[in-house]
J.: 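Here it is: the structure, laid out below.
Residue numbers start from 1 in every chain, and the chains themselves are labelled A, B, ... in the order their sequence lines are given, proteins ahead of strands.
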Number of protein chains: 2
Amino acid sequence: MTKEVVPDIVIARLPRYLQCLNLMAKEGLHTVSSGVLAERLGTTAAQIRKDLSYFGGFGKQGSGYPIYSLIEALQEILNLDRIWQVAVVGAGDLGRALTRYQGFPRRGIEIKLLFDVDPKLVGTKVGPITIQHVDYLEKEIRHHDIKIGVLAVPAEYAQKIADRMVKAGIEGILNYAPVSLILPETVHAQHIDPVLQLQTMMYYLGED
Amino acid sequence: MTKEVVPDIVIARLPRYLQCLNLMAKEGLHTVSSGVLAERLGTTAAQIRKDLSYFGGFGKQGSGYPIYSLIEALQEILNLDRIWQVAVVGAGDLGRALTRYQGFPRRGIEIKLLFDVDPKLVGTKVGPITIQHVDYLEKEIRHHDIKIGVLAVPAEYAQKIADRMVKAGIEGILNYAPVSLILPETVHAQHIDPVLQLQTMMYYLGED
DNA sequence: TAGATTGTTAATCGATTAACAATC
DNA sequence: TAGATTGTTAATCGATTAACAATC
């Protein structure tokens with residue numbers, strides 16, 4: 001029983017499919033074909049059918065995919081059928097904006113811990129969360145058994161904090177700091193850097 | 001004279017090379033081999049050499065790449081040898097955090113305009129920028145000849161604002177709203193959605 | 001039934017990797 | 001010179017697309 005491996009790039013597309021399907025459900029649709037879904041997502045019907053087929057046959061010939069049950073299937077595949085708790089390190093503008101971001105609780109993500117080094121910030125609240133000193137990072141992450149960390153610290157501290165997160169049991173890191181982290185292969189990392197994305201665009205906007 | 005097309009994915013990697021090279025320059029290094037650079041970036045030497053070779057031969061056999069001149073070359077390739085002005089729409093937590101973000105001016109990105117619909121916000125300042133009413137979006141973008149827009153509005157308004165940006169002459173959009181935008185092929189878009197990135201991770205973290 | 005659309009296979013396309021002659 | 005490392009070509013690998021039988 002050799003389980004076929006699903007390419008990373010396929011996994012990365014599933015949340016987008018899910019997002020679009022949720023929107024369509026909200027619009028009152030019940031069924032969608034791969035062609036219509038593809039158009040809304042700016043991709044191709046063949047790709048959507050191929051991607052979904054890694055996990056099973058969710059559609060019906062002639063009519064397409066039932067939106068509700070496909071949403072449920074994708075949520076289960078992505079392990080979204082539960083609440084994930086997250087620890088944020090860095091309570092500057094960005095860390096605070098993330099902690100307040102409504103899109104997280106709405107989609108099953110709960111920011112449970114928020115850390116900073118600045119004694120002026122420690123003890124103050126961001127929404128319902130009290131900022132704790134970063135010295136307690138390991139203890140608190142272990143105590144709450146948190147698996148996902150968000151790095152919102154300056155570049156020069158990012159690697160150190162990431163190392164500490166990993167030692168504390170973190171298995172996934174969302175990195176907002178403008179540096180490439182060196183991490184064990186067992187840890188899953190995602191990098192968000194608006195500057196890198198803008199610089200990519202600037203290449204194409206050059207002909208002015 | 002058929003100019004070879006450089007794959008998008010190569011372009012997307014160049015800013016990361018540049019970021020790493022800048023860090024190395026700061027550390028006092030003068031020269032770096034593709035192998036060392038690859039290790040720092042978590043990629044392979046062959047890929048770095050191949051990527052750079054699309055644009056010319058920047059290295060020297062035996063010693064590697066001179067860091068300074070490679071930085072300069074990459075900056076020129078990516079059109080970073082000038083200041084890019086940007087308009088941000090949406091002055092909520094996120095829009096304000098982006099407007100204050102130090103990483104932008106440091107790397108040649110100047111947030112010039114900031115818009116919102118909320119009359120309580122219009123007229124107030126975020127750093128040196130005064131929030132303007134979104135009604136003036138077209139007029140101001142045209143007046144300053146701005147080519148890059150950042151979307152930091154709720155999902156339901158994102159497509160409409162994007163359409164207005166495009167009509168006003170915007171050619172690149174950095175989209176923080178959790179929706180897939182439908183845009184003309186001439187417009188370059190980048191999507192930042194932390195929820196989608198976290199959901200991708202959750203697939204791999206599932207075995208708990 | 002006839003039309004539509006899936007799931008899947010095979011063909012194509014493109015990107016990554018390996019290997020090595022050239023050369024600093 | 002000998003060792004190191006580039007730039008490039010060819011081989012490999014993987015992902016996308018096209019096509020179509022199956023079937024709702």
J.: Between B:Ala162 and B:Leu181, which heavy-atom pair has the shortest distance, and what is it?
T.: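 B:Ala162 and B:Leu181 have their closest heavy atoms at CB-CD1, 4.1 Å.
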J.: To the nearest angstrom, how far is B:Lys50 atom NZ from D:dA10 atom C1'?
T.: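 Rounding to the nearest Å, NZ of B:Lys50 and C1' of D:dA10 are 11 Å apart.
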J.: Kindly assign one of parallel, tilted or perpendicular to the pair A:His188 and B:Tyr204, based on the angle between their ring planes and the thresholds 30° and 60°.
T.: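 Rings of A:His188 and B:Tyr204: parallel, under 30°.
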J.: Roughly how many Å is it from OH in A:Tyr54 to C1' in C:dT9, rounded to a whole number?
T.: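 About 13 Å, once rounded to whole Å.
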J.: Could you state the atom-to-atom distance from CD of B:Gln47 to P of C:dA19 in whole Å?
T.: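 The answer, rounded to whole Å, is 17 Å.
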J.: How close or far is atom P of C:dT16 from atom CG of B:Leu41, stated in whole angstroms?
T.: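 B:Leu41 atom CG is separated from C:dT16 atom P by 14 Å.
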J.: I need the CG-P distance between A:Asp8 and C:dT16, as an integer number of Å.
T.: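 Value for this atom pair: 14 Å.
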J.: Between C:dT5 atom P and A:Ile67 atom CD1, what is the distance in whole Å?
T.: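 A:Ile67 atom CD1 is separated from C:dT5 atom P by 14 Å.
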J.: How long is the line joining CG of A:Leu52 and C1' of C:dT8, in whole Å?
T.: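 Going from CG in A:Leu52 over to C1' in C:dT8 covers 13 Å.
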J.: Can you tell me the Watson-Crick or wobble partner of D:dG3, both distances under 3.5 angstrom?
T.: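 Pair assignment: D:dG3 / C:dC24.
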J.: Mapping A:Gly62 and A:Ala46 to their closest nucleotides on DNA chain C, which lands nearer the 5' end?
T.: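 Its nucleotide being nearer the 5' end, the pick is A:Gly62.
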J.: Ignoring hydrogens and geometry beyond distance, is a side-chain donor-acceptor pair present between A:Asn79 and B:Gln199 at under 3.5 Å?
T.: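 The answer is no; no qualifying pair exists.
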J.: Determine: side-chain N/O of A:Gln61 to OP1/OP2 of D:dA22, distance under 4.0 Å, yes or no.
T.: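 Checking D:dA22 against A:Gln61, no side-chain N or O comes under 4.0 Å of OP1 or OP2.
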J.: Tell me whether the side-chain N/O atoms of B:Tyr65 come closer than 4.0 Å to OP1 or OP2 in D:dG7.
T.: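 Yes.
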J.: If I compare all heavy atoms of A:Phe55 with all of A:Ile11, which pair ends up nearest, and what's the gap?
T.: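 Heavy atoms only, the tightest pair is CZ-CD1, 3.9 Å.
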J.: Given atom CZ of A:Arg13 and atom C1' of D:dT16, what is their separation to the nearest angstrom?
T.: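 Distance check: A:Arg13 CZ to D:dT16 C1' gives 8 Å.
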J.: Counting heavy atoms from C-beta on, name the nucleotide in D:dT16, D:dC24, C:dT6 closest to the side chain of A:Lys60.
T.: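 Nearest to the side-chain atoms of A:Lys60, counting from C-beta on, is D:dC24.
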J.: In the structure shown, which nucleotide is the Watson-Crick or G-U wobble counterpart of C:dA19, with both distances under 3.5 Å?
T.: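 Check on C:dA19: paired to D:dT8, both distances under 3.5 Å.
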J.: Give a yes/no on whether any side-chain N or O of B:Arg49 is located under 4.0 angstrom from OP1 or OP2 of C:dC20.
T.: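 For C:dC20, OP1/OP2 do not have a side-chain N/O of B:Arg49 under 4.0 Å.
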J.: For B:Phe58 and A:Thr44, take the nucleotide of DNA chain D holding the closest heavy atom to each; which residue's nucleotide lies nearer the 5' end?
T.: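 Between the two, 5'-proximity favours B:Phe58.
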J.: OP1, OP2 of C:dT5 versus side-chain N and O of A:Ser34: anything below 4.0 Å?
T.: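 False: A:Ser34 side-chain N/O out of range (4.0 Å or more) of C:dT5 OP1/OP2.
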J.: Between B:Ser63 and D:dA4, does any side-chain N or O lie under 4.0 Å from OP1 or OP2?
T.: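 It does not, given that no N or O in the side chain of B:Ser63 lies less than 4.0 Å from OP1 or OP2 of D:dA4.
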J.: Would you call B:Asp93 and B:Arg96 a salt bridge, using N to O less than 4.0 angstrom?
T.: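 Salt bridge: yes.
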